Amino acid sequence: MGDSYASGTGAGSYQDGTAGNCWRSNNSYGEQVAARLRAKGRLGSFANVSCSGVETQELAAPFKGQPSQYEALKRNTDVVLLTIGTNNLKYAQYGGLCIQSDCTGAPTEAMLAKLPQMGSDVTGVLTEIKKRSPHARIVLVGYGRQVSTKANPAGATLDPVCGDGILTTEERAQGNKVADGIDATLRAAATKALYKGVNVTYVSPFSRPGTFDGHALCESGTPFLRGFDALAPGQEGQEAVFHPNQLGQTALASLVRV
């Protein structure tokens, strides 16, 4: 369940009818976790209802021609994989501002001010899942950082999004302040739901040192995220910028233990 990070926007191999709307990828972390369970004979059935662009309140209603994501929840559902929250903040638009103009100062402070409400909204989603699927274990998967805070490493071949005048060092620093705030807010939302009796685990890209280290955009390692390469002819377009590629989704799947 959830948004573009759950659906796998940017990871390729899209399921029939989902390219250009939900962007539901066979390479998403959810599909990879399901494949792992299937190979071990531990998967009875699996439904992928994630959809790019969805906000927390939109899980309860039809979205982009798809039924409410909550309709997939059954009384006997065992496990729910979920990524949700950043569309409530208009996080993609903030990233676009960082690229096209200047997101430091007031735009960053406005994003940080929205975090408490996002956390409350995510806790609400977790309790609603508990209501519909009382025996399910919920794994809430976070977003991590999309770009390096540091200046570009010398001699590295980097995505054009890292070029001069696009993302300044200060924009990277403030953008990652927002990214870190999102991570902390989601962790707190899961903890609050846990105290309410919801069986939820928060999985952060920061939770296992080394998994994502060196692989954000503008770092020297092989990128785990899409940059301006997504804008090339025949690619997904701006919806995929700052989203995990197939390697990034595989890294997320490696953090999920069910």
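Keep in mind that what you see is a predicted model, and the values were worked out from it rather than measured.
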Closest heavy-atom pair and its distance - [X], [Y]:
X: Ser207; Y: Val203; value: OG-CG1, 4.5 Å
X: Cys218; Y: Asn152; value: CB-OD1, 3.6 Å
X: Thr56; Y: Val125; value: CB-CG2, 3.8 Å
X: Leu89; Y: Met118; value: CD1-SD, 3.7 Å
X: Gln69; Y: Gly2; value: OE1-N, 2.7 Å
X: Lys64; Y: Asn21; value: NZ-O, 3.0 Å

Is the backbone N or O of [Y] less than 3.5 Å from a side-chain atom of [X], with the two atoms forming a donor-acceptor pair by type?
X: Thr77; Y: Leu73; result: no
X: Asp159; Y: Asp229; result: yes
X: Ser25; Y: Gly12; result: yes
X: Arg172; Y: Lys150; result: yes
X: Ser101; Y: Leu97; result: no
X: Gln174; Y: Gly105; result: yes

- CA sep, side-chain torsions, deciding dist, call: Asn27, Gln32, side chain to side chain donor-acceptor pair (under 3.5 Å): CA-CA 6 Å; Asn27 297 322; Gln32 293 193 49; 5.4 Å; no
Side-chain heavy-atom pair [X], [Y] within 4.5 angstrom cut-off:
X: Ser254; Y: Thr211; result: yes
X: Asp16; Y: Thr18; result: no
X: Leu225; Y: Asn245; result: no
X: Leu112; Y: Lys177; result: yes
X: Ser7; Y: Cys51; result: no
X: Lys196; Y: Thr127; result: yes
X: Tyr91; Y: Gln146; result: yes
X: Pro153; Y: Leu158; result: yes

- Query: Checking side chain to side chain contact (heavy atoms under 4.5 Å, CB included) for the pair Arg137/Val258: CA distance, chi angles, key distance, verdict?
  - Reply: CA-CA 9 Å; Arg137 177 188 173 194; Val258 292; 4.0 Å; yes
What's the spacing between [X] [atom1] and [Y] [atom2] if we round to 0.5 Å?
X: Met111; Y: Cys103; atom1: CE; atom2: SG; answer: 9.5 Å
X: Asp102; Y: Glu171; atom1: CG; atom2: CD; answer: 5.0 Å
X: Leu140; Y: Ile138; atom1: CG; atom2: CD1; answer: 8.5 Å
X: Asp3; Y: Cys22; atom1: CG; atom2: SG; answer: 11.0 Å
X: Leu126; Y: Leu194; atom1: CG; atom2: CG; answer: 10.0 Å
X: Ser28; Y: Tyr14; atom1: OG; atom2: OH; answer: 10.5 Å

- Message: If hydrophobic clusters are built by linking Ile, Leu, Val, Met, Phe, Trp and Tyr wherever their side-chain heavy atoms come under 4.5 Å apart, do Val147 and Ile182 end up in the same one?
- Response: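 Hydrophobic grouping puts Val147 with Ile182.
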- Using the rule that two of Ile, Leu, Val, Met, Phe, Trp, Tyr join whenever any of their side-chain heavy atoms come within less than 4.5 Å, decide whether Ile84 and Phe242 are in one cluster.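 Cluster IDs for Ile84 and Phe242 match.
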- Query: Val141 pairs by side chain to side chain contact (heavy atoms under 4.5 Å, CB included) with which of Leu255, Leu252, Thr201, Leu186?
  - Reply: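 For Val141, the side chain to side chain contact (heavy atoms under 4.5 Å, CB included) test succeeds with only one of Leu255, Leu252, Thr201, Leu186, which is Leu252.
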- Query: What pairs with Glu236 under salt bridge (charged side-chain N to carboxylate O under 4.0 Å, His left out), at least two apart in sequence or on another chain?
  - Reply: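 For Glu236 the salt bridge (charged side-chain N to carboxylate O under 4.0 Å, His left out) partners, ignoring immediate neighbours, are Arg226.
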- Which residues pass the salt bridge (charged side-chain N to carboxylate O under 4.0 Å, His left out) test with Arg132, sequence neighbours left out?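 Result, salt bridge (charged side-chain N to carboxylate O under 4.0 Å, His left out) vs Arg132: Glu128.
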- Item | Residue pair Thr9 / His243, side-chain donor-acceptor N/O under 3.5 Å |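 No, no side-chain donor-acceptor contact under 3.5 Å.
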- Query: Do Ser52 and Glu239 get their side chains close enough for a donor-acceptor pair, meaning under 3.5 Å?
  - Reply: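 Glu239 and Ser52 do have a side-chain donor-acceptor pair below 3.5 Å.
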- Working for side chain to side chain contact (heavy atoms under 4.5 Å, CB included), residues Ile166 and Phe228: CA-CA 11 Å; Ile166 298 178; Phe228 280 178; 3.8 Å; yes
- Message: Can you pull out every ring-ring contact (aromatic ring centres under 6.0 Å, His included) where at least one residue sits in residues 177-219? Sequence neighbours excluded, please.
- Response: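 Sorted result for residues 177-219: Phe212-Phe224, His215-Phe224.
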- Message: Suppose the criterion is ring-ring contact (aromatic ring centres under 6.0 Å, His included): which pairs have a residue in residues 138-184, not counting sequence neighbours?
- Response: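 For residues 138-184: Tyr5-Tyr143.
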- Query: Would Glu31 and Asn48 count as a side chain to side chain contact (heavy atoms under 4.5 Å, CB included) if you check the C-alpha gap in whole Å, the side-chain angles of each, and the deciding distance to 0.1 Å?
  - Reply: CA-CA 8 Å; Glu31 293 285 352; Asn48 183 348; 3.0 Å; yes
- Message: Applying side chain to side chain donor-acceptor pair (under 3.5 Å), can you list everything that pairs with Ser204, at least two apart in sequence or on another chain?
- Response: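 Partners of Ser204 under the side chain to side chain donor-acceptor pair (under 3.5 Å) test: Asp183.
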- Which residues pass the side-chain contact (heavy atoms from CB on, under 4.5 Å) test with Thr149, sequence neighbours left out?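 Thr149 satisfies side-chain contact (heavy atoms from CB on, under 4.5 Å) with Arg145, Ala173, Asn176 only.
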- Message: With a 4.0 Å cut-off on N to O distance, would you call Glu55 and Lys90 a salt bridge?
- Response: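 Result for this pair is yes, salt bridge flagged.
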- Task: Flag yes if more than 12 heavy atoms outside Gln93 fall under 6.0 Å of its CD atom; otherwise flag no.
- Result: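 Above 12, so yes.
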- Message: Run the side chain to side chain contact (heavy atoms under 4.5 Å, CB included) test on Gln15 and Asn26 for me, step by step, so that the C-alpha distance in whole Å, both residues' side-chain angles and the decisive distance to 0.1 Å come before the verdict.
- Response: CA-CA 7 Å; Gln15 297 173 7; Asn26 291 316; 3.2 Å; yes
